[in-house]
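Worksheet for the structure shown next.
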Amino acid sequence: LEEYRYERWRYLWFLLASGQKQLGLDISDEQIQEMRDNISSIDMDRVAEIEREMKHDVMAHISAFGEVAPSAKPFIHLGATSQFVVDNADSLAIKDSIVLMINKLVSVISSLSDTAINNSSVPTVGLTHLQPAQPVTMGKRMMMWVQELVIALEDLGFRLDNMKIRGIAGATGSKLSFLEIFDGDEDKVVELDRIICEGMGFDHNKSLTITGQTYPRILDSSIMSSLSLLASACSKICNDIRL
């Protein structure tokens with residue numbers, strides 16, 4: 001998990017420098033390539049050693065990245081704030097996790113649907129208020145489970161389609177540092193944000209219009225809501241099986 005996270009930090013720094021180069025900063029192809037070549041070569045022991053000295057995790061990773069990509073060191077993290085890598089990497093992790101859950105959930109729904117069809121004529125006791133009632137079939141009970149999982153799947157799909165990300169933003173969300181880097185050219189700042197978003201696999205319209213240093217934590221709460229919905233569906237299935 002740590003390596004996954006910090007590789008994405010380095011990827012974001014590579015993406016930032018690549019975008020700045022495209023928009024006119026004096027960064028060479030060799031410097032960009034050196035960053036790309038060292039995205040995965042993270043020496044966690046060395047990072048920990050630097051962090052003990054600096055007392056700052058992001059600065060420690062910047063320094064360690066600069067040691068393995070020395071020619072690119074002046075451009076690593078240029079104009080950015082810590083949350084550029086922290087929040088955006090978390091967004092990438094959330095996105096990847098949702099995709100993973102969706103794929104697994106689709107597989108479960110497919111398998112459970114087949115099992116329901118195969119048991120469509122197998123009788124079982126129906127329940128009302130947890131008391132024995134009119135008979136139903138195993139297939140019917142299982143399709144009720146499928147229905148709840150589909151609702152959870154639709155909700156996860158909605159969260160994925162409507163995810164918002166921080167983008168470049170800047171130290172207080174004003175993008176001022178990038179405006180200064182590009183000598184007041186607002187179009188270049190907007191274009192850099194687009195490059196970052198699309199490099200992360202998001203449409204530019206998913207970048208938050210306004211933010212502070214961090215993305216609003218209500219976004220995390222919305223994801224937790226979807227996870228709670230899926231957990232509730234799974235809990236119902238387990239309780240039904242126990243009954």
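Hydrogens, waters and symmetry mates play no part in the numbers below; they use all other heavy atoms, side chains included. Just so we're clear, the structure is a prediction, and the values are computed from it rather than from any experiment.
No side-chain donor-acceptor contact under 3.5 Å links Ser107 to the backbone of Asn103. In this structure, the side chain of Arg166 engages the main chain of Gln213 through a donor-acceptor pair within 3.5 Å. Counting only distance, with no hydrogens or angles, the side chain of Ser63 and the backbone of Ala60 share no donor-acceptor pair below 3.5 Å. Judged by distance alone, the side chain of Ser120 and the main-chain N or O of Ile117 form a donor-acceptor pair under 3.5 Å. Gln83 places no side-chain N or O within donor-acceptor distance of the main-chain N or O of Thr214, the cut-off being under 3.5 Å. With hydrogens and angles ignored, the 3.5 Å screen pairs no side-chain donor or acceptor of Asp193 with any backbone N or O of Ala169. Judged by distance alone, the side chain of Thr115 and the main-chain N or O of Asn118 form no donor-acceptor pair under 3.5 Å. A donor-acceptor pair under 3.5 Å is absent between the side-chain atoms of Asn119 and the main chain of Val122, judged by distance alone. Panel note: side chain Ser225, backbone Ser221; no donor-acceptor pair is recorded below 3.5 Å. In this structure, the side chain of Ser228 does not engage the main chain of Met224 through any donor-acceptor pair within 3.5 Å.
Taken together through direct or relayed side-chain contacts under 4.5 Å among Ile, Leu, Val, Met, Phe, Trp and Tyr, Ile151 and Leu160 form parts of separate hydrophobic clusters. Tracing side-chain contacts under 4.5 Å through hydrophobic residues (I, L, V, M, F, W, Y), one reaches Val106 starting from Val150; they form part of the same cluster.
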Could you give me the CA-CA distance, side-chain angles and deciding distance for Ile195 and His204, then say whether side chain to side chain contact (heavy atoms under 4.5 Å, CB included) is met? CA-CA 8 Å; Ile195 291 170; His204 188 208; over 6 Å; no

Apply side chain to side chain contact (heavy atoms under 4.5 Å, CB included) to residues Val68 and Asp43 and explain how you reach the verdict. CA-CA 10 Å; Val68 295; Asp43 184 342; over 6 Å; no

Applying side chain to side chain contact (heavy atoms under 4.5 Å, CB included), run through Val86 and Arg5 and close with a yes or a no. CA-CA 9 Å; Val86 173; Arg5 186 186 196 203; 3.7 Å; yes

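Qualifying side chain to side chain donor-acceptor pair (under 3.5 Å) partners for Glu186, counting only residues two or more places apart in sequence or in other chains: none. Not a single ring-ring contact (aromatic ring centres under 6.0 Å, His included) links Phe202 to another residue, sequence neighbours left out. When the salt bridge (charged side-chain N to carboxylate O under 4.0 Å, His left out) test is applied to Lys21, the partners found at least two apart in sequence or on another chain are Asp29.
Minimum heavy-atom separation, Ile165 to Cys197: CD1-SG, 3.7 Å. Minimum interatomic distance between Leu78 and Phe178 (heavy atoms only, all atoms of both residues): O-CE2, 3.6 Å. The nearest pair of heavy atoms linking Gly170 to Thr81 is O-CG2, 3.4 Å. Closest of all the heavy-atom pairs between Ala233 and Leu149 is CB-CD2, 4.0 Å. In plain terms, the two heavy atoms of Met200 and Lys95 that are nearest each other are O-NZ, 3.5 Å. Scanning both residues, Ile109 and Val146, for their nearest heavy atoms gives CG2-CG1, 4.0 Å.
Asn88 and Tyr215 share no side-chain donor-acceptor pair at under 3.5 Å. Residues Glu34 and Asn38 bring no donor and acceptor atom of their side chains to less than 3.5 Å of each other. Side-chain contact annotation: Ser226 with Asp155, donor-acceptor N/O pair under 3.5 Å present.
Between Phe14 and Tyr11, the two ring planes are tilted [angle within 30° to 60°].
Between Glu191 and Arg194 a salt bridge is recorded (basic side-chain N to carboxylate O distance below 4.0 Å). Taking 4.0 Å as the cut-off between side-chain N and carboxylate O, Arg46 and Glu49 count as a salt-bridged pair.
Geometrically, Arg8 engages Tyr4 in a cation-pi contact defined by less than 6.0 Å to the ring centre and at most 45° from the axis.
More than 12 heavy atoms of other residues, nucleotides or ligands sit less than 6.0 Å from atom CD of Glu53.
Between the CG atom of Leu229 and the SG atom of Cys234 there is a distance of 10.0 Å, given to the nearest 0.5 Å.
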